[in-house]
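Written out below as structure tokens is the structure these notes cover.
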Amino acid sequence: MILAINGIFASSMAVSLPLLLDTYPNSTSAYSLRKLTNAYTGSAIRVRRSSDNAEQDIGFVANILDTATLLSFCLATNGFVTKWYSQVGGSTFDVLQTTAIKQPKIVSTGALNTLNLLACVTYALAVPTANSNALSTAAGVTVQNGQYFTCAVAASTTIAAGQGAIVDQDDQVTPSGRVAQYLYRNADAVRNLLFNTTGAFSQVSTPVFTANTQIVFNSSKVSAVLYAGLNNGVNNSSGFAGTQRTTVVKLSIGCGNNGISEFWQGSIQEAITFDGDNSANKTAIITNIKSYYGIV
């Protein structure tokens, strides 16, 4: 069910309690345009308007993005995300972009960017270049040391040959900096790729997906097995060989290589990483996400 709040459509789950991460609290980073935990008291995003480059934090109302304040601030101009706050893990996990031309968009000429009627952050360039959109942490952050579960609500505008990251911690600048591509488009599939201490990697890809379709992309590592899937469908799996690399490098949302390359083409609404084996909770977590975003 979809309700209209402040003239903008929002899911009927927007005011549901407890929130997702109140029930499943072992998240290490969490970016969303809805509130995920009552323990978080900060803003959702920081936005720059194109008319005068002024910036403002945008928070939540009734546990959803405060779109009324967002649209009032942007007026009839464009609004770009300069920072996406992590609702867990502290400020070191906030992802940001200080270069204006590389900031993804959330308001276009006064209209909210939406995916399935709900607000989305749009990484819009059809052909990725050095100035494509990117959000990354300011410095290196700790990595998933062992098992993990990562999920993101996103839609890709392309399934053509090429690559683009949703959630990435892979610093290709230095040989020892390649860590993980938790959710990473490779043509018409999204892969879960993990490096070991020798520099070799293991990977598995999701089943193929359709462009311009809102999906809960998800990946995980349980024991020595990597998984990758779409929504609550069957996951593909592959073994992981070696010891997981734990180099401290930047975490990026919507790009790879610390915001330098491998740019996502499409929209992102939510990206959450959980620590440990979440096999028992995976279906419930994805069901919550699908229900909120209206994904069939």
Side-chain angles (χ1 to χ4, degrees), residues 13 19-21 23-34 36 86-89 115-116 118 120-121 143-144 146-156 159 163-170 179-194 202-211 213-240 244 251-254 256 264 266-296:
M13 285 195 65
L19 303 180
L20 176 62
L21 299 186
T23 303
Y24 308 103
N26 58 323
S27 173
T28 55
S29 63
Y31 313 90
S32 184
L33 300 178
R34 62 167 170 160
L36 295 170
S86 178
Q87 296 183 38
V88 298
L115 179 61
N116 196 18
L118 296 175
C120 66
V121 178
V143 301
Q144 300 303 310
Q147 303 178 120
Y148 59 83
F149 170 53
T150 300
C151 52
V153 182
S156 176
I159 55 173
Q163 301 172 336
I166 305 174
V167 182
D168 180 280
Q169 200 162 4
D170 177 14
V179 176
Q181 297 167 332
Y182 301 109
L183 291 169
Y184 188 91
R185 186 187 74 82
N186 185 21
D188 58 356
V190 167
R191 64 184 181 182
N192 176 17
L193 186 153
L194 196 63
S202 302
Q203 66 173 316
V204 61
S205 295
T206 67
V208 298
F209 68 93
T210 304
T213 301
Q214 185 188 36
I215 297 169
V216 183
F217 296 98
N218 59 91
S219 68
S220 59
K221 178 176 180 284
V222 179
S223 297
V225 181
L226 299 177
Y227 297 90
L230 311 174
N231 296 323
N232 263 324
V234 175
N235 278 211
N236 290 337
S237 63
S238 180
F240 174 73
Q244 185 175 341
L251 176 69
S252 299
I253 303 296
W264 182 249
S267 299
I268 300 175
Q269 293 171 303
E270 187 164 289
I272 309 170
T273 297
F274 296 86
D275 187 39
D277 179 4
N278 285 268
S279 301
N281 301 324
K282 176 183 170 183
T283 297
I285 290 170
I286 294 176
T287 297
N288 175 289
I289 296 170
K290 287 180 62 182
S291 181
Y292 177 82
Y293 288 99
I295 300 173
V296 178

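Every value quoted in this text rests on a predicted model; they were computed, and no experiment measured them.
- Residues satisfying the side-chain hydrogen bond (donor to acceptor under 3.5 Å, both in side chains) test with Asn278, not counting sequence neighbours, are Asn26.
- Annotation: salt bridge (Lys or Arg N to Asp or Glu O under 4.0 Å) contacts involving residues 267-287, sequence neighbours excluded, comprise Arg34-Glu270.
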Please table the atom pairs, donor to acceptor, closer than 3.5 Å between any side-chain atom in residues 222-232 and protein atoms at least two apart or in another chain.
residue : atom : partner : partner atom : Å
Asn231  : OD1  : Val216  : N            : 2.9
Asn232  : ND2  : Thr283  : O            : 3.4
Asn232  : ND2  : Thr287  : OG1          : 3.2

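- Residues passing the side-chain hydrogen bond (donor to acceptor under 3.5 Å, both in side chains) test with Ser27, sequence neighbours excluded: none.
- Evaluation of the side-chain hydrogen bond (donor to acceptor under 3.5 Å, both in side chains) rule for Ser219 yields no partner, not counting sequence neighbours.
- With sequence neighbours excluded, the residues satisfying salt bridge (Lys or Arg N to Asp or Glu O under 4.0 Å) with Asp170 are Arg178.
- Applying the side-chain hydrogen bond (donor to acceptor under 3.5 Å, both in side chains) rule to Gln244 yields no partners; only residues at least two apart in sequence or on another chain are considered.
- Taking Phe209 as the reference, Phe217 meet the ring-ring contact (aromatic ring centres under 6.0 Å, His included) condition, with sequence neighbours excluded.
- Remark: Tyr184 engages no residue in a ring-ring contact (aromatic ring centres under 6.0 Å, His included) (not counting sequence neighbours).
- In this structure, the side-chain contact (heavy atoms from CB on, under 4.5 Å) partners of Thr213, at least two apart in sequence or on a different chain, are Thr210, Ile215.
- Donor-acceptor pairing under 3.5 Å is lacking for the side chains of Gln163 and Gln181.
- Every residue two or more places apart in sequence or in another chain that forms a side-chain contact (heavy atoms from CB on, under 4.5 Å) with Ala155 is listed here: Leu115.
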